[in-house]
Number of protein chains: 2
Amino acid sequence: LSSEFESLDYELCENKIFKEEESKKSPGSITKQNATRWVVVFFIGVCTALIACTIDICVVEMTKIKYGFLKKYIEKCVKENCLYIPYLQWLGISCGFAILASVLVTYGEPVAAGSGIPLVKCYLNGINVHRLHRLKTLFVKAAGVTCSVLGGLAVGKEGPMVHSGAAVAAGLSQGKSTSLGFDFGILKAFRCDQEKRDFVTGGAAAGVAAAFGAPIGSGVLFSLEEGSSFWNQNITWRIFFCSMVSAFTLNVVLSTYHGQLGILAYDGLLNFGKFPDIPFALLELPIFIAMGIIGGLAGALFNQMNYHISVFRRRFILSRWAKVLEVIVVCSVTVSVGFIMIYFVDDCKPLGAKDAVEFPIQMFCEDGQFNAVAAMWLQTPEASVRALFHDQPGTHNPLSVGLFFITYFFLACWTYGLSISSGIFIPALLSGAAWGRLVGLGLYRLTQGAAWADPGKYALIGAASQLGGIARVTLSLAVILIETTGNLSLGLGLMLTLLTAKFVGDFFNAGIYDMNVQLAGLPMLPWSAPPMCHGTQAQYIMSKPVVVLKEVERVSTVISVLEDTRHQGFPVIFEDRFSGSQAKQTSFGVLRGLILRSQLKILLKEKPFCSSPTGSTRPPIPLETFRMYYPRYPAFEDIHFTEEERASYLDLRPYMNPTPYTVPKHASLHRTFQLFRALGLRHLIVTDDNNEVAGMITRKTLARYR
Amino acid sequence: LSSEFESLDYELCENKIFKEEESKKSPGSITKQNATRWVVVFFIGVCTALIACTIDICVVEMTKIKYGFLKKYIEKCVKENCLYIPYLQWLGISCGFAILASVLVTYGEPVAAGSGIPLVKCYLNGINVHRLHRLKTLFVKAAGVTCSVLGGLAVGKEGPMVHSGAAVAAGLSQGKSTSLGFDFGILKAFRCDQEKRDFVTGGAAAGVAAAFGAPIGSGVLFSLEEGSSFWNQNITWRIFFCSMVSAFTLNVVLSTYHGQLGILAYDGLLNFGKFPDIPFALLELPIFIAMGIIGGLAGALFNQMNYHISVFRRRFILSRWAKVLEVIVVCSVTVSVGFIMIYFVDDCKPLGAKDAVEFPIQMFCEDGQFNAVAAMWLQTPEASVRALFHDQPGTHNPLSVGLFFITYFFLACWTYGLSISSGIFIPALLSGAAWGRLVGLGLYRLTQGAAWADPGKYALIGAASQLGGIARVTLSLAVILIETTGNLSLGLGLMLTLLTAKFVGDFFNAGIYDMNVQLAGLPMLPWSAPPMCHGTQAQYIMSKPVVVLKEVERVSTVISVLEDTRHQGFPVIFEDRFSGSQAKQTSFGVLRGLILRSQLKILLKEKPFCSSPTGSTRPPIPLETFRMYYPRYPAFEDIHFTEEERASYLDLRPYMNPTPYTVPKHASLHRTFQLFRALGLRHLIVTDDNNEVAGMITRKTLARYR
Ligand SMILES: Nc1ncnc2c1ncn2[C@@H]1O[C@H](COP(=O)(O)OP(=O)(O)OP(=O)(O)O)[C@@H](O)[C@H]1O
Ligand SMILES: Nc1ncnc2c1ncn2[C@@H]1O[C@H](COP(=O)(O)OP(=O)(O)OP(=O)(O)O)[C@@H](O)[C@H]1O
Ligand SMILES: [Mg+2]
Ligand SMILES: [Mg+2]
């Protein structure tokens, strides 16, 4: 576990100044604040969708240009025997985009690397990932993923879109931007971790809705399955609304772009094309289960290999230029493999009217035919998935699909984790669709073309199985796949496959997101305590001795505590530490409250000191001031204190949380975990039988037990 | 709030004997127990689906017989001018079924009345509703709802199916039946409230899946939206699996029944028929919002009227025969209204091949035509919904649809709450579909038959809006409607309508389920504390003085405490109550644990007494014994105690929960609520600064604040 990550404060600090502010509120102002929340959520949905549209349209248009250009030269050079020229062109264009993608991330904003979903998950779990929601991160993510896809790498753009949604939500809900350094001065009431988290949950859901053009359950389910822990109906409705607005906006913009202005049920939104109603028979169930097992095994293999690659990267690829270099190598290998396959595999298909390929390339095929392998490589991975799902049974040659699967599987595994912004959804779906189609083709031949043995259907099942095996997200994945293919009747089959893949995969290792999280040393808390820990008590795991402060503490003590320790919260006590009897030696005084490091910093900056150790009589600093500093607190090293100030006292009582959550010291780990997780705590104070502070439990204490 | 309802204990009591049992467990036994859970869940899914199938098939077959019979006589009597004969026949048959339905419920099992969803919701919220999950209840519910539907009342069978699922889950997971008085002696480890609740959540989801034939999200979402509060991934997967199995089973059985053995994607499962892909344009959004407003208003009106009817019933219709009589009256009115409408409204339509009505009745129409009103009344409400959704634009006369809506709306309102088992889903959908179709017809005429102005689509939107306005369940409802119509593209429109209807309705009153719950005085806890209560502290709301017990307590004291109070839990203290200083007068001793009434009863029955006040040296009673009694504890009034026994002591330490949850006495109501709700507590002990017991907070204390 890395100590560089700190937690977020999801607990409401109900101190005196908070209560004062609260008591001044009228019902009207509460209603107004509630309405504001809905308005903000509305704009989050709209903006997320607009960003997603921009990425989408850019990718589509630029790919057209890129592959159109290449096609021209390939056609020309096949005749003139100068195929090295289009190869070099392809290499050059792809590497150019890849370098751009990599430089943006590596030199611009390293936190924008990867899919972003694991980090958003961690944020919702309560970990403060620095710079995750900056405007700059958002820009790098959006531009970066466009470049990676254009670079022809084995990446998808869905994960980054989810991250974008989260970043948009965090930005809009705060009414200010740190990257640009401006502050609208609005929405100040939402400037606390808790409110921000609720908006980010909505933003992530909007991101899912926009990424997949999937209107309904998926966004909400994804947010829930992957994110939050406490289910509150009010938040759910806002999340729901947010993903709805996002899907709406996407729908309007994209259908307008495709010239179908105003038609909301625009079919093209189903990213993976509309599935006709394919019959689905009882006897297929064992096949689906078998495919689930394959997907689980392949997913486990994928994750294991990716784990080793990531470990290698963490050890040897450290400097920035090395990272960019690796991206170039991967990009060159991808292009070369693609080119070699196109060159050597003769998979000629007649130019059909139905399965229109955008850039049919003839290569060495006869006139009126095109090279099916070239069609797979010379388009976006998304289009390839669509092709595998919907092409007629005869379109693909088993050999070329098989080869494509093997190369793409390993390339995707190598690619994920590069210093570019990239999603894993599409690569996983594509490799799964490839082997799924192989299974389908086999069945098609075996049954001599039975209606149920539709290779496209099996490609879908394979894709689901592969993605389930890699990401282990079952529920929302099933809904996403159903929504993006517009096919409800396959629901049962999809779910069976996904559950099987998940179980098989879990037998070997963790999902790719969890693996990433563990590798990065992020202290994410699992859903519940490990089994067989009912004998472990809070007192065995708590940190001791506890650094505590008195209710009215000397300023010099406060300063030295902040200087000497790195703790983020300090119990506030009533009694003198060692004034008690011998028995009291193990305790640190009677608990009165909890004060956070951030609050202490602000107090030291604002200096509401008093001269007497009995407390201050001046009115306390209002909550307004505390909010002003959020989320970047003053560095107290820069503050200068006079001798007189150092000798004076600081009355913590109006600012401390007077009712922090506690556990008795003989509480079990299970119970401690449940309390901590269900309420999303940051500090849990362990008390003894007399309500005296005995120890401290934080996220990192618990995250060790998994 | 009624005091007749007690709570469930969702908190794990981690006492000494529990820990001892726990420490003996091997990893293997934990895995085995986990596997058992999945197996149990599998059977829950299967059984729920089988019951749903039985109800479904019974209803379909018996309706065929009933209406076939009536049709014959009507046709005959139209010619011979003896229409009073079929009228009396109709009345007789319907009232017969209605009486059966009512007698079953009223004399058999009153808890089986109504839809059951509110009660299942309460159970999941933590309220122990007596006899809710008995085998007898299940039988009465299933048979009762079949009879009510056959009685031609304005009821649906979906709510009862959800309740059946819950009952099946509770029964199967315990491996015993109280109604039949047998005990398989298996699954003993699941005999505690917490485990049972998790299974019941799954069962309810399976019920939804089976009721609507909706395979995926709906069951899970419904369980979550309506039920549980703490979202745990492990439970979610089991819920998911359970509803999947249930949908599978239903699919297999029903498709076999309809002669399409082995075809899993059997279309007939989409209860409301498959929707073709209807275009859907931006300019319809305002119409959808307007319809949402209408639905919200109509729903609020419905709930308000039903509220007054329910209050009337609670006051005046108390005896059993009066309840049965009311059912007879409602049934007669329903039949008469139907008959009158058929008789007087001349809405003749040509017999088309496409919209095949099962029993076309000619009445006074010309040859080759049939009476459209008769078609609406002489079929199950479900079939009528399907007709309104899918019939060609010209099929229904606006006047007859309007009349039908008005009568049906009021009939449904009167019917809901009768002493029969009945759901509100279908009646709400049907009345909504009626006015929705009216809107659609209007638009169709206005636009002279524009493609988007499909009356069927508007019937669907109207149905959603009406149901949203009555039940206020948005998320899962949207998914259910989408799944049962197989139409994804309308998703956005449905959601918009539902959200609008919910908001408008909420402005006036609560949803029908919540209204029911409140009327019955069930202490259901809302999701969060009311706003503006940050000033309310735990000490203002807690119960005082607290009845406490000492760690080793005299048996006579225990007996008298149990006799004198009705409390369900007693804090166990260390110190003598009034041995302390003056300041201690407000406290009741240092908290050591919590013991439940049920545990005390078992202890008094088992008599592990000791003679010395320092405690027992004998090994404590094992957890096994405690589990044996669950959930019916010995009545301690029947136990006889000798004088010697009364004078001896009972050592509570091995049995008490040593780490009950507590709040400090100056904690806010908001924080108290959050702790209580998030962890599903039953007892929350209020302590002062020295960990001494100051008061007690239970469900009913909090349920008053809403
Ligand atoms: N006031 C304190 N006195 C003594 N030990 C403490 C105190 N606060 C925290 N600790 C312990 O010190 C370690 C690091 O403290 P820190 O406050 O950084 O917590 P953390 O686990 O990093 O969580 P967070 O993410 O909130 O910073 C933890 O093991 C924690 O239990
Ligand atoms: N040990 C106790 N001493 C004093 N008052 C208590 C004690 N236990 C409960 N009470 C209070 O007495 C009232 C009724 O007690 P009871 O135990 O029946 O709780 P309840 O609210 O009905 O919840 P439950 O559903 O768990 O029975 C409640 O207001 C509760 O706060
Ligand atoms: Mg730390
Ligand atoms: Mg009670």
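We use all heavy atoms of the structure for the numbers below, so side chains are in, but hydrogens, waters and symmetry mates are not. Lettering follows sequence order; numbering is per chain, from 1.
Side chain of R671(A) to backbone of T659(B): a donor-acceptor contact under 3.5 angstrom is found. The closest donor-acceptor contact from the side chain of K665(B) to the backbone of A538(B) lies at 3.5 Å or more, if one exists at all. Put simply, the side chain of S246(A) never gets that close to the backbone of C242(A): no donor and acceptor are under 3.5 Å apart. Under the 3.5 Å distance criterion, the side-chain polar atoms of N690(A) are left unmatched by any main-chain donor or acceptor of E692(A). The closest donor-acceptor contact from the side chain of R238(B) to the backbone of V41(B) lies at 3.5 Å or more, if one exists at all.
Interatomic distance, F248(B) CZ to L285(A) CG, rounded to the nearest 0.5 Å: 4.5 Å.
For a residue to count as touching a neighbouring chain, one of its non-hydrogen atoms must lie under 4.5 Å from one of that chain's; by this rule L496(B) touches chain A with backbone and side chain alike. For E21(A), no part lies under 4.5 angstrom from a heavy atom of chain B. T687(B) does not touch chain A: none of its heavy atoms, backbone or side chain, sits under 4.5 Å away. Contact annotation for P660(B): only backbone heavy atoms (N, CA, C, O) come within less than 4.5 Å of a heavy atom of chain A. For chain A, the nearby part of F18(B) is the side chain; its heavy atoms alone come within less than 4.5 Å. Residue S23(A) does not touch chain B at all, counting heavy-atom pairs closer than 4.5 Å.
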Can you check side-chain contact (heavy atoms from CB on, under 4.5 Å) on L681(A) and E11(A), steps first, answer last? CA-CA 6 Å; L681(A) 299 184; E11(A) 193 185 341; 3.8 Å; yes
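Side-chain contact between I685(B) and L594(B) is present, with at least one heavy-atom pair separated by less than 4.5 Å.
Heavy-atom pairs under 4.5 Å with chain A were tallied for G493(B), P664(B), S668(B); the largest tally goes to S668(B). Each of G535(A), P27(A), P531(A) has some count of heavy-atom pairs under 4.5 Å with chain B, and the biggest count is that of P27(A). Across R592(A), K25(A), E284(A), the residue that shares the most heavy-atom pairs under 4.5 angstrom with chain B is R592(A). If you tally non-hydrogen atom pairs under 4.5 Å between each of L12(B), I30(B), V663(B), D689(B) and chain A, the highest count goes to D689(B). In terms of heavy-atom pairs under 4.5 angstrom with chain B, the leader among E22(A), E14(A), K19(A) is E14(A).
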